[in-house]
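Quick notes on the structure that follows.
One-based numbering along the sequence shown.
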Amino acid sequence: MRRFFKRKEKQTTETKSRKMKVRTVGTRKKTVTLLWILLIGSLAFGIYKNFTAIDQHTVHEKEIIENEIIDTNAIESFTKNFVKDYYTY
């Protein structure tokens, strides 16, 4: 009977380390080449626009604001009288 119920020794299982999949984009791919062309083209266009820019003088408009003296004494006295009459009523 002992043969049928014999305990199995613990087996050590070695876990294999899996390598991480690395996705590389080489310089020969069409999209990378297209992006390089776009970068170089935009840089060349920026340099071209910088050298061919027309110098425009900024026009600073000046407005002369005339000071007007407005007599607010009448409005001030009216409000004081109104408040005084309102609270006395």
Side-chain angles (χ1 to χ4, degrees):
M1 273 284 197
R2 288 187 179 180
R3 290 183 205 167
F4 295 114
F5 296 111
K6 188 176 182 181
R7 289 188 181 177
K8 293 184 179 179
E9 294 180 16
K10 291 184 180 178
Q11 295 177 354
T12 56
T13 57
E14 296 180 18
T15 56
K16 294 181 181 178
S17 61
R18 290 187 176 182
K19 291 184 180 179
M20 296 289 289
K21 290 184 179 179
V22 179
R23 184 174 181 176
T24 58
V25 178
T27 56
R28 302 214 184 263
K29 293 235 179 199
K30 291 180 182 178
T31 55
V32 175
T33 306
L34 180 69
L35 290 174
W36 273 109
I37 291 170
L38 179 68
L39 178 68
I40 293 169
S42 63
L43 184 65
F45 181 72
I47 293 170
Y48 168 76
K49 289 295 281 183
N50 190 23
F51 283 118
T52 60
I54 299 171
D55 291 331
Q56 293 180 348
H57 180 68
T58 306
V59 178
H60 296 285
E61 296 181 9
K62 294 182 180 178
E63 289 185 25
I64 299 173
I65 301 172
E66 296 179 9
N67 293 331
E68 292 183 22
I69 299 173
I70 301 172
D71 185 23
T72 58
N73 192 17
I75 298 170
E76 184 179 349
S77 63
F78 172 77
T79 53
K80 283 183 181 179
N81 290 334
F82 178 78
V83 170
K84 186 186 286 184
D85 291 338
Y86 181 77
Y87 281 113
T88 58
Y89 178 71

Does the side chain of L39 reach to within under 4.5 Å of the side chain of W36, using non-hydrogen atoms?
-> yes
Geometric class of the Y86/F82 ring pair [parallel <30°, tilted 30-60°, perpendicular >60°] | parallel
Would a hydrophobic clustering, with Ile, Leu, Val, Met, Phe, Trp and Tyr connected at side-chain separations under 4.5 Å, put I40 with Y48?
-> no
Can you tell me how far CG of N50 sits from CD1 of I47, rounded to the nearest 0.5 angstrom?
-> 8.0 Å
How far does CG of L35 sit from NZ of K30, to the nearest 0.5 angstrom?
-> 14.0 Å
